[in-house]
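Below: the structure, in structure tokens.
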Amino acid sequence: MNITIINGPNLNLLGKREPGVYGTASFDDCLADLIKNFPTVHFTYFQSNIEGEIVDAIQKAGFNQDGIIINPAAYTHTSVAIGDAIAAIQTKVIEVHISNVHAREDFRKISHVSAKAVGSIVGLGLQGYALATEWFVSNANKQ
Ligand code: DQA
């Protein structure tokens with residue numbers, strides 16, 4: 001099965017960025033674990049700090065992948081365009097946030113993505129990406 005992971009702004013700095021909030025592992029570490037632990041899944045990974053590039057990546061993956069796992073980072077809280085892109089595609093999307101956005105500043109409680117996603121995994125660290133993958137793998141035949 002084919003899963004595209006899309007990460008938004010500043011997630012390229014995972015491991016160095018606010019380790020007390022986001023941990024000390026880089027996303028490369030996380031991706032290596034996903035590839036090892038889900039041998040039947042072909043992962044495509046895309047990260048961008050630019051909103052329009054994330055919209056392009058959603059559209060690109062939106063009609064030919066079995067699942068999209070997206071962490072739009074700060075754009076979660078601001079981007080109508082990313083929410084609209086998720087609504088426009090056929091591929092199911094799971095929203096992941098490493099930190100518990102509901103336990104942080106009020107502006108992080110707003111998501112333009114949650115209502116368009118099949119579900120959201122929030123506050124479980126990088127393990128959220130594995131849990132989202134697990135959902136796609138175990139629901140593959142039901143989609
Ligand atoms: C984040 C939460 C967002 O509020 C923040 O802007 C991020 C990361 C998370 O994964 O916890 O950059 O999406």
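For ligands, and for the atoms within them, numbers begin at 1 and follow the listed sequence.
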Original post:
Within a strict 4.5 Å, meaning less than it, do heavy atoms of the I82 and V55 side chains meet?
Top reply: yes
Subject >> L34 side chain reached by I5 side chain, heavy atoms, under 4.5 Å >> reply: yes
**OP:** Check each protein residue for a heavy atom under 4.0 Å from ligand 1 and list those that pass, ordered by chain and number.
**Re:**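 Ligand 1 is contacted, at a heavy-atom distance under 4.0 Å, by R17, Y22, N71, A73, A74, H77, H97, I98, S99, V101, R108.
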Original post:
Just checking, any donor-acceptor pair under 3.5 angstrom between side chains of Y129 and N7?
Top reply: yes
Original post:
With a 3.5 Å cut-off and no angle check, do the side chains of Q65 and T91 form a donor-acceptor pair?
Top reply: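 Their side chains do not contain a donor-acceptor pair, so the 3.5 Å distance test is not met.
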Original post:
With sequence neighbours left out, what residues match D29 under side chain to side chain donor-acceptor pair (under 3.5 Å)?
Top reply: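 Partners of D29 under the side chain to side chain donor-acceptor pair (under 3.5 Å) test: S26.
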Original post:
What orientation do F107 and H77 show, parallel under 30°, tilted 30 to 60°, or perpendicular over 60°?
Top reply: perpendicular
